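Everything numeric in this text was worked out from a predicted model, so none of it was measured. In what follows, every chain begins at residue 1, and chains take the letters A, B, ... in the order their sequences are listed. What's counted below: heavy atoms across the whole structure, side chains too, no hydrogens, waters or symmetry copies.
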There are 2 protein chains.
Amino acid sequence: MPDIKHFDPDETLDVVVRLFWRQGVATTGVQDIVTATGLNRSSLYATFGGKQELYLAALRRYRERRSQPMFRRLTEGDRGLPAVAEFFDSLIAVRCSGEYARWGCMVSNAHAGAENGDPDVRAVLDRHHQELRDALYTALTAAAARAQLAAGTDPEATAELLALLAYGVNLRSRAGADARTLRGTVTAALDSIGRAPLA
Amino acid sequence: MPDIKHFDPDETLDVVVRLFWRQGVATTGVQDIVTATGLNRSSLYATFGGKQELYLAALRRYRERRSQPMFRRLTEGDRGLPAVAEFFDSLIAVRCSGEYARWGCMVSNAHAGAENGDPDVRAVLDRHHQELRDALYTALTAAAARAQLAAGTDPEATAELLALLAYGVNLRSRAGADARTLRGTVTAALDSIGRAPLA
DNA sequence: GCCATCTTGGAATCAGGATTCCAAGATACT
DNA sequence: AGTATCTTGGAATCCTGATTCCAAGATGGC
């Protein structure tokens, strides 16, 4: 009997992700969202609740669509270090070129903003960090199994190290860091972890 | 002949730093500043200009009072790796305990926010990154001169790596990262850079 | 002590924020 | 087709944002 929605909430969320990702939650107005999505205020509120809930939904969507696929690729095939190198290459490519250049990472951005005061947001951040670390850890144990690691390299601490490095890449890319420099930095990190190639 | 200010702009700026550092610029209202400083709106505007100029002044003040002293200690005495280790220890201590626990770094926070759209802010961020990298580079060349570095460690790329690691520490500490974990991560990084102690 | 000049207090302004409300429109089952 | 039920448009609400303005107060040189 009821009417049905005249729009696709899924598509809408993707548009909203872009807004919050680029501008952050505090500087994005509901009016911006109305304009960008073409939706009406009423539809927005009826579907998603208020602005904060919309932000949370967008943040979760970002993780699903952007972060988690990359984490999965990191562990696929137990390739070890090459997978890690590829992960960082893709990361830097997304952060420094194309549509999302200089947007940073929506999750990293959330760390720095006041949005992290919300316990629900905080939970997403912690979960994100855990998943990133775990994926790197898995890749590093695969690397160890394939004897790709230098002696004395602790996979656990190294996973955390690489995770923090990724945050650094995300942050600096938002300020316009040079892709070449970032790639050089990541290469240095992976070199110091990997077995010396000719020695 | 004129009247003089009835307050100390210097002290005021320190109070303002705390506000912007903790909450960011977008979520800090002029009213918050009026309340925290005890100043009147008129005095604020007459002395510092608008909110954005006040933020810039606070950001520069933060660097002068918080960042640059740490950078200086990093290079003092050409101690090399121990100075780097000490730098990260102090960093983690400030980020995870005491008055400023979980505030992160005001400059790192600025990277992620919309404030970095302002060219003046961007310039401060770039300058900060350059100084941090340079200080680390200086410490690493001192380390190299003292034969503290593993063979094949490139001071330049490593300086950038450690700088990005510092950003990562800053970000995660704002989300409540555990100091022990952070210290372990930094130790792993420095171990992989330094000469193996017993081999 | 007086006056030109700045500072201060606090109201006033004006824009924009998020959210709510209701009448009008659309839907699908009967 | 009719109707109960949801969605939609757009105005209305109410709050808080930054900034300005002016009268009143304070200062230091004369």
Please list every donor-acceptor pair under 3.5 Å in which a side-chain atom of residues 80-91 of chain A meets a protein atom from a residue at least two apart or in another chain.
| unit_1 | atom_1 | unit_2 | atom_2 | d |
| --- | --- | --- | --- | --- |
| A:E86 | OE1 | A:R79 | NH1 | 3.1 |
| A:S90 | OG | A:E86 | O | 2.9 |

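- For the pair B:Q31 CD and D:dT19 P, the computed distance is 14 Å after rounding to whole Å.
- In this structure, B:D3 atom CG and C:dC3 atom C1' are separated by 14 Å, rounded to whole Å.
- Take B:E11 and apply the salt bridge (Lys or Arg N to Asp or Glu O under 4.0 Å) test, not counting sequence neighbours, and it matches no residue.
- The side chain of B:H6 lies closest to C:dT8 when the candidates are C:dT19, D:dG25, C:dT8.
- Distance alone, capped at 3.5 Å, is enough to place a donor-acceptor pair between the B:R174 side chain and the B:W103 backbone.
- The distance between atom CG of B:L54 and atom P of D:dG17, rounded to the nearest whole Å, is 15 Å.
- B:T28 comes within contact range of the sugar-phosphate backbone alone, with a heavy-atom separation under 4.0 Å but no base atom that close.
- The side chain of A:K5 approaches D:dT8 more closely than any other nucleotide in the set C:dT7, D:dT19, D:dT8.
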What verdict does the ring-ring contact (aromatic ring centres under 6.0 Å, His included) test give for A:Y62 and A:H128, after you've listed the backbone C-alpha separation in whole Å, the side-chain angles of each residue and the deciding distance to 0.1 Å? CA-CA 11 Å; A:Y62 176 90; A:H128 181 87; 7.5 Å; no
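- Comparing D:dT8, D:dA18, D:dG28 by their nearest atom to the side chain of B:I4 picks out D:dG28.
- Annotation: of the two residues near DNA chain D, A:F7 and B:A26, the 5′-most nearest-nucleotide partner is A:F7.
- Judged purely by distance below 3.5 Å, without hydrogens or angles, the side chains of B:S43 and B:K5 never pair a donor atom with an acceptor atom.
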Tabulate atom names and distances for all N/O pairs under 3.5 angstrom spanning the protein and nucleotides 20-22 of chain C.
| unit_1 | atom_1 | unit_2 | atom_2 | d |
| --- | --- | --- | --- | --- |
| C:dC21 | N4 | A:S42 | OG | 3.2 |

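- In this structure, the CD atom of B:Q23 is 11 Å from the P atom of D:dG17, given to the nearest Å.
- Counting to the nearest Å, the C1' atom of D:dA18 and the CD atom of B:E53 are 13 Å from each other.
- More than 12 heavy atoms of other residues, nucleotides or ligands sit less than 6.0 Å from atom CD of B:Q68.
- For A:K51, the side-chain atoms get nearest to C:dT19 when compared with the rest of C:dT19, D:dA26, C:dA26.
- Remark: C1' of D:dG9 and CG of A:L44 are 13 Å apart, rounded to the nearest angstrom.
- Comparing C:dC6, C:dG25, C:dT7 against the side chain of B:P2 picks out C:dC6 as the nearest.
- Counting non-hydrogen atoms of neighbouring residues, nucleotides and ligands closer than 6.0 angstrom, the CD atom of B:E156 reaches no more than 12 such neighbours.
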